[in-house]
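Below, read A as the first sequence line, B as the second, and so on, with proteins coming before strands; counting in each chain starts at 1.
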Amino acid sequence: MKILVCISNVPDTTSKINFTGDNKEFDKNGVQYVINPWDEYALTRAIELKEAKGGSVTVLNVGEADTEPNIRKALAIGADDAIRVNAHPKDAFFVAQQITAIAKEGGYDMILMGKESIDYNGFQVHNMVGEMMGIPSVTPAFKLDMVDDSTARLEREIEGGKEVVEVKLPFVASAQQPMCEPRIPNMRGIMTARTKPLKVVAPVGGEAMSEYVSYSKPEKKSGVKLIDADNAGELIKLLRNEAKVL
Amino acid sequence: MSVLVFVEGLNGEIKKSSLEAASYGSQVAQAMGTSATAVAIGEVHEEALARLGEQGISKVLYDADDRLKQFVADAYVKVIAKAAQQESSKVLVFSNSNIGAAVGSKLAVRLNGSLATNVTELPKMDGGNFTVTRGVFSGKAFAQVNLTSDVKIIAVKKNSTEIISNAGNTATVEKLSADLAESDFAAAPKETVMQETDGGVLLPEAEIVVSGGRGMKGPENWHLIEELAKELGAATACSKPVSDIGWRPHHEHVGQTGITVSPNLYIAVGISGAIQHLAGVNSSKVIVVINKDPEAPFFKAADYGIVGDALEVVPKLIEAAKALDK
């Protein structure tokens, strides 16, 4: 089974978010980049399936050279090889076109990724790739197992419940917890990752459909109003009469 | 040229998030000097569809195909694309739900459109630009984005739009048929299981959320969270550590890698307020924090706070909530 796992390179979850250049650009200063946490579920589950059924796991990133440390980390966790499409990921539509081009050429059985990136929170790419390739996209999935060699069974979250879906290969799925326990690289993984193939390819033509013009930050809270614990019931009155939310 | 809004049903009624999308769509239509049409799929009462007039919708296209009772992305996309073609719509509005965002993404490909999900404000239209504001960096920032394609698709973040209600206005309801083929249902779910809410409120749709963390000291104390939620008409939620150690199911976990909520009122009980948790809740309108540690970072993001032991404070809140006129 050939599995393609798409990862994005995002600011660590603890990052302070700031902007520069008249709020037109994200301030990378002092920001640590990590593999998008949602993508780690997709990556680990792909490796588990490979270990159980055989096959290969290829990692794909659309990004510039500074994403390579995290691509190497994905190889250290257990992917076999990697492809980097050398381009700034302009928007979801652009990224989906790049993934589609690679996926078509590679003939993968399964294309997995996280349900969204924690920086742009799009929740778009997986469904776009499914649509561009004309294959099913099951998102957001929290369970993924093989029924037989050509059929997978997934459980997907819907508002207020879940759906059980069975699809034939090939398909696209996006991952979220509790699909698996994301792995961290061990020393042997880190050593072998250095020599695993990482291919850099040029982007296919394709335009973005949106343009980020500026950024802003939420207004700061004016400060907390403390209520004495002995008089806790007072809070309920304030919520009704002052905040007017009850 | 009307603005097209996709509305989702639940138990025959229109979901609250879809009433917000309808209100958003009708305001965009008004700004563009056109009307707003809704498209509904599956099991929704006709009276509920007609009532969308209150949100400013003039016409509802309704596909009652029995096979559409459960969500099947390809079939839904076909129905909405048909409605968009019939109405010559250039602006399509969805709720930013798992269904809305999925269908919106596929339509963006099919119609070669610009898609913005997680949108928090009405668009600005000037000088030929169509600019929306959307939440990015997991609630820590907003981005202003130009939608450059001819077709614009917007998925509206829950609880970011006031629901318009012009009582008495009704929409006309017309049947729509998209001539669906068997192949459109190839990825239909085998089974759909809805959560037992026990008469409670679903977390993603909730206006009030009561959430517990490790400060609750154990799952045996969770009845306090549930009781307070019940008195306030709230949904219950929890922090990541609590779902990781198995006190509560994963679908209740709120935070950066769990569910993002934006209710009117979020009450955090015994949650310290790690940055990852804040990312999932910081667009809540009013935040209440109850924690025995006065240094808990959550207090900095709160509107109201009580420094005290959760197990002592919550019973007092339940008592006070019981005394409220409902």
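With a 4.5 angstrom heavy-atom cutoff, B/Leu317 touches chain A via backbone and side-chain atoms both. Contacts between B/Asn112 and chain A at a heavy-atom distance below 4.5 Å involve backbone atoms as well as side-chain atoms. For B/Phe130, no part sits under 4.5 Å from any heavy atom of chain A, backbone or side chain. Proximity to chain B is limited to the side chain of A/Phe19, based on heavy atoms less than 4.5 angstrom apart. At a 4.5 Å heavy-atom cutoff, A/Phe171 makes no contact with chain B through either its backbone or its side chain. For chain A, no part of B/Val314 is nearby; none of its heavy atoms comes within less than 4.5 Å. Residue B/Ala301 touches chain A through its backbone alone, counting heavy-atom pairs closer than 4.5 Å. If you measure heavy-atom distances from B/Lys158 to chain A, the contacts under 4.5 Å come from the side chain alone. Only the side chain of A/Pro140 comes within contact range of chain B, with heavy atoms under 4.5 Å apart. Looking at B/Lys15, only its side chain comes within 4.5 Å of chain A, counting heavy atoms on both sides. Only the side chain of B/Thr131 comes within contact range of chain A, with at least one heavy atom under 4.5 Å from a heavy atom of that chain. For chain B, no part of A/Ala96 is nearby; none of its heavy atoms comes within less than 4.5 Å.
For the pairing with B/Asp303, the side chain to side chain contact (heavy atoms under 4.5 Å, CB included) check across A/Lys225, A/Glu242, A/Lys221 returns one residue only, A/Lys221.
Listed by sequence position, B/Ser97, B/Asn98, B/Ile99, B/Ala101, B/Ala102, B/Ser105, B/Lys106 are the residues of residues 95-107 of chain B in contact with chain A, using a 4.5 angstrom heavy-atom cutoff. By a heavy-atom distance cut of under 4.5 Å, B/Gln276, B/Ser284 are the residues of residues 276-284 of chain B near chain A, going up by number.
With contacts defined as side-chain heavy-atom distances shorter than 4.5 Å, the pair B/Leu324/A/Ile236 qualifies. At a threshold of 4.5 Å between non-hydrogen side-chain atoms, the residues A/Leu226 and B/Phe299 count as touching.
The choice from B/Ala141, B/Ser149, B/Ala186, B/Gly233 that makes the most heavy-atom pairs within less than 4.5 Å of chain A is B/Ala141. Contact count versus chain B (heavy atoms, under 4.5 Å) is highest, among A/Val224, A/Val165, A/Val138, for A/Val224. By number of non-hydrogen pairs under 4.5 angstrom with chain A, the leading residue of B/Pro294, B/Gly305, B/Ser114 is B/Gly305. Chosen from B/Ala143, B/Ala187, B/Gly308, the residue pairing most often with chain A at heavy-atom distances under 4.5 Å is B/Ala143. The residue among A/Gly114, A/Pro136, A/Ser222, A/Gly122 with the most heavy atom pairs within less than 4.5 Å of chain B is A/Gly122. Of all the listed residues (B/Leu115, B/Val132, B/Val286), the one sharing the greatest number of non-hydrogen pairs under 4.5 Å with chain A is B/Leu115. Note on B/Ile267, B/Val193, B/Ile287: by heavy-atom pairs under 4.5 Å with chain A, the leading option is B/Val193. Comparing A/Thr14, A/Val10, A/Leu239, A/Ile17 by heavy-atom pairs within less than 4.5 Å of chain B, the highest count is held by A/Ile17. Between chain A and the options B/Val313, B/Leu265, B/Asn264, heavy-atom pairs under 4.5 Å are most frequent for B/Leu265. Contact count against chain B (heavy-atom pairs under 4.5 Å) is highest for A/Gly161 among A/Pro37, A/Ala92, A/Gly161, A/Gly233. For the set A/Leu154, A/Asp230, A/Val125, A/Asn18, the count of heavy-atom pairs under 4.5 angstrom toward chain B peaks at A/Asp230.
Residues satisfying the side-chain hydrogen bond (donor to acceptor under 3.5 Å, both in side chains) test with A/Arg156, not counting sequence neighbours, are A/Glu163. For B/Glu319, there are no side-chain hydrogen bond (donor to acceptor under 3.5 Å, both in side chains) partners at least two apart in sequence or on another chain.
B/Arg134 contributes a side-chain N or O that, together with a main-chain N or O of A/Asn121, makes up a donor-acceptor pair within less than 3.5 Å. At distances below 3.5 Å, not a single donor-acceptor pair connects side-chain atoms of A/Lys162 with backbone N or O atoms of B/Glu191. A/Ser214 places no side-chain N or O within 3.5 Å of a backbone atom of B/Gln144 that could act as its donor or acceptor partner.
Crowding of A/Lys16 atom NZ: a count of heavy atoms from other residues, nucleotides or ligands under 6.0 Å not exceeding 12. In this structure, A/Glu64 places its CD atom where more than 12 heavy-atom neighbours from other residues, nucleotides or ligands lie under 6.0 Å away. Other residues, nucleotides and ligands contribute over 12 non-hydrogen atoms within 6.0 Å of the NZ atom of A/Lys90.
For A/Gln177 and B/His253, the side-chain atoms include at least one donor-acceptor pair closer than 3.5 Å. In this structure, a donor-acceptor pair under 3.5 Å is absent between the side chains of B/Gln256 and A/Thr13.
Relative orientation of the B/Phe137 and A/Tyr120 rings is tilted, given thresholds of 30° and 60° on the angle between their planes.
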